[in-house]
Amino acid sequence: MMGMYSKIPFMSFSTTTAYILAGATATGKTSTAQILAEQMGCGILSADAMLVYKGMDIGTAKPTVAERGHVLYTGIDLVSPSEPFSTGRWIESAADTLKLSVASGTPAGPVPPKASLIVVGGTGLYIKALTDGMHSAVAHPDVRSKWQTVFEQSGINGLQIAIQQRAPEGLKFLTDLSNPRRLLRALEQLETQGTLPDQWKKNDASKAPVVVLSLPREQLHRRIIQRVDQMFRDGFIEEVRALRNVYPTWSATAAKAIGYEEVCALLDNTLTQEAAREKMIIRTRQLAKRQETWFRHQTQAQWLTITEHDTPFAIAERVLYLWRHHGPTTIQIPR
RNA sequence: GGCGAGGUAGCUCAGUUGGUAGAGCAGCGGACUGAAAAUUCGCGUGUCGUGGGUUCGAUCCCCACCCUUGCCA
């Protein structure tokens, strides 16, 4: 009876490896990865759910073309802000570059080893999907919106009842039963595939860990403030204004991106600039905390505590040491 | 200077007809399989402005003082 709910759809994966650098926002992952990619002569795959949007540059702290130098970046600028996106689409794109990087073999650079790709990002879900493989139903926006209507009409309870009707023991296999998103997704998958979403193992000590950069909370908070202020100085408001002219309507996800939501409100005169700044700082802090929680519990992590005074080069050196020591992380890509 | 209003959690404020107090936000912690910068769950001891007085007992009532703020001068 349990098998009925834990059935895994047939899907085949191939295995490869990559060096992975993760961490909360504003810890300096990007500049560190840039240095390492230059030293290792390899490309960078971004694992960041907001860098996928074209034109959303300043507010997402996307590395500029100048900063990228000769390093090839993938996983960025995949869709326009008006297009809906999904984790699955990111995986597909990631799989393409991973296949290429396997084919191209060992990079030219000096020391480090065989993996010819660096994965950097703060989106834990994307990284977990890479290391643990994601085998679940593809996104069905139409089915999802149908259940969204049910939720609006009969609340969280209506969703729980619907799940029970389709899978009598189903609620026992789910966590977070008061989270509409999760129940909506469960129903979406039940309806399209007949199974409930599986649960990942917390972490897998048998594989090489992901290196996770961490800055003491107080220092991180200071850096977040500096970063938000720098965004405004770099013309963030102008970027959003121009982007809105090109794309009048944005996907739900892009519209909720930190900074973009606030600056849109600022442009609509429903928020002062000071209030927008304050909200951006607070939301970024909250994001960073959630990211750390994820990496703490959901990934096999090798933490690297840095300070605000460390230079990117010094940090890169320590990351490289850890990568060399542990070796690249095994990842699974859909065939 | 006069009159009024107010000083309670990091912030905005509620409350106790006298038995030492609780919301929102912030913060902290947790969850997380195709929307994830999303979504969601949990965590509330603080000289109740200071000093006196009344009282078995004061954050609450009384007096003085300090501070903030509004109006009038």
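Just so it is clear: chains get the letters A, B, ... in the order the sequence lines come, proteins before strands, and each one is counted from 1.
- To the nearest 0.5 angstrom, A/Leu36 atom CG is 8.0 Å from A/Cys42 atom SG.
- A straight line from CD of A/Glu218 to C1' of B/G27 spans 13 Å, rounded to a whole angstrom.
- For A/Arg144 and B/A35, the shortest distance from a side-chain N or O to OP1 or OP2 is below 4.0 Å.
- Heavy atoms of A/Leu184 sit under 4.0 angstrom from at least one base atom.
- Checked against B/A31, B/U33, B/A38, the side chain of A/Arg283 finds its nearest nucleotide in B/A38.
- One C1' atom belongs to B/U12, the other to B/G44, and the distance between them is 16 Å to the nearest Å.
- Between A/Gln286 atom CD and B/G29 atom C1' the separation is 13 Å, expressed in whole Å.
- Rounded to whole Å, the C1' atom of B/A58 lies 14 Å from the corresponding atom of B/A21.
- Contact annotation for A/Gly59: base contact, defined as any heavy-atom pair under 4.0 Å involving a base atom.
- Under the Watson-Crick and G-U wobble criteria, each requiring two contacts below 3.5 Å, nucleotide B/C48 is left unpaired.
- The side chain to side chain donor-acceptor pair (under 3.5 Å) analysis of residues 152-164 of chain A, with sequence neighbours excluded, yields the pairs A/Gln148-A/Glu152.
- Nucleotides B/A5 and B/C62 are separated by 12 Å at their P atoms, to the nearest Å.
- Residue A/Gln148 contributes atom CD, which lies 13 Å from atom P of B/A35 at whole-angstrom precision.
- Using a 4.0 Å heavy-atom cutoff across all strands shown, A/Pro180 reaches sugar-phosphate atoms only and no base atom.
- One interatomic measurement links the two molecules: NE2 of A/His221 to C1' of B/A26, which rounds to 11 Å at whole-angstrom precision.
- Residue-level contact check: A/Thr60 touches the bases, meaning some heavy atom is under 4.0 Å from a base atom.
- Taking atom CG on A/Leu159 and atom P on B/U40, their separation rounds to 12 Å, with Å as the unit.
- Salt-bridge check for A/Arg89 with A/Glu92: failed, with every basic side-chain N at 4.0 Å or more from each acidic carboxylate O.
- Distance A/Lys128 NZ to B/A38 P: 20 Å, rounded to the nearest Å.
- Taking every side-chain heavy atom of A/Asp198 into account, B/U33 is the closest of B/U33, B/G29, B/G27.
- The nearest heavy atom of RNA chain B to A/Ile258 and to A/Arg182 marks one nucleotide each, and the one closer to the 5' end goes with A/Arg182.
- With rounding to the nearest 0.5 Å, the separation of CZ in A/Arg283 from NZ in A/Lys256 is 5.5 Å.
- Base contact: A/Asp48 has a heavy atom under 4.0 Å from a base atom.
- Residue-level contact check: A/Ala49 touches the backbone only, with heavy atoms under 4.0 Å from sugar-phosphate atoms and none from bases.
- Straight-line distance between the P atoms of B/G49 and B/A73: roughly 33 Å, to the nearest whole Å.
- Pair check for B/G6 finds B/C67; Watson-Crick or G-U wobble, both atom distances under 3.5 Å.
- Not one side-chain nitrogen or oxygen of A/Tyr260 sits closer than 4.0 Å to the OP1 or OP2 atom of B/A37.
- At the phosphate of B/G27, neither OP1 nor OP2 sits under 4.0 Å from any side-chain N or O atom of A/Arg217.
- Taking 4.0 angstrom as the limit, A/Arg185 places none of its side-chain polar atoms (N or O) nearer than this to OP1 or OP2 of B/A38.
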- prompt: Given A/Glu274 and A/Arg277, is the salt bridge (Lys or Arg N to Asp or Glu O under 4.0 Å) satisfied, shown in steps?
  reply: CA-CA 5 Å; A/Glu274 182 48 34; A/Arg277 171 184 179 272; 3.6 Å; yes
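- Dashed line: the shortest gap from a side-chain N or O of A/Gln199 to OP1 or OP2 of B/U33 is not under 4.0 Å.
- Under the Watson-Crick and G-U wobble criteria, each requiring two contacts below 3.5 Å, nucleotide B/U40 is paired to B/G30.
- Between the CD1 atom in A/Ile76 and the OG1 atom in A/Thr60 there is a gap of 9.0 Å [rounded to 0.5 Å].
- Put simply, A/Thr293 has no side-chain N or O that comes within less than 4.0 Å of OP1 or OP2 on B/G29.
- Base contact: A/Lys289 has a heavy atom under 4.0 Å from a base atom.
- Taking side-chain N and O atoms only, A/Lys279 has no distance below 4.0 Å to OP1 or OP2 of B/C25.
- The separation of B/G7 from B/C11, taken at their C1' atoms, amounts to 15 Å, rounded to a whole angstrom.
- Taking a pair to require two hydrogen-bonding distances under 3.5 Å in either a Watson-Crick or a G-U wobble arrangement, B/A58 remains unpaired.
- Using bins of under 30°, 30° to 60° and over 60° for the plane-to-plane angle, the ring pair A/Trp90/A/Tyr126 lands in the parallel bin.
- Using a cutoff of 4.0 Å between basic side-chain nitrogens and carboxylate oxygens, A/Asp77 and A/Lys62 are scored as salt-bridged.
- By the 5.5 Å and 30° criteria, A/Trp294 is not stacked with the base of B/C32.
- Positionally, the nearest nucleotide of RNA chain B for A/Asp176 lies more toward the 5' end than for the other of A/Asp176 and A/Met50.
- The phosphate of B/G34 has OP1 or OP2 within less than 4.0 Å of a side-chain N or O from A/Ser136.
- Applying the Watson-Crick and G-U wobble criteria (two distances, each under 3.5 Å), B/U17 pairs with nothing in any strand.
- Contact check, A/Arg290 against B/U40: no side-chain N or O comes under 4.0 Å of OP1 or OP2.
- Side chains of A/Phe295 and A/Leu213 form no contact here, defined as non-hydrogen atoms less than 4.5 Å apart.
- Between A/Ile282 atom CD1 and B/G10 atom P there is a gap of 17 Å when expressed in whole angstrom units.
- An OP1 or OP2 oxygen of B/A35 is reached within less than 4.0 angstrom by no side-chain nitrogen or oxygen of A/Ser251.
- The distance between atom CD of A/Glu261 and atom P of B/A35, rounded to the nearest whole Å, is 19 Å.
- In this entry B/C72 has B/G1 as its Watson-Crick or G-U wobble partner, both defining distances falling under 3.5 Å.
- Here A/His297 reaches the OP1 or OP2 of B/A31: one of its side-chain N or O atoms lies under 4.0 Å away.
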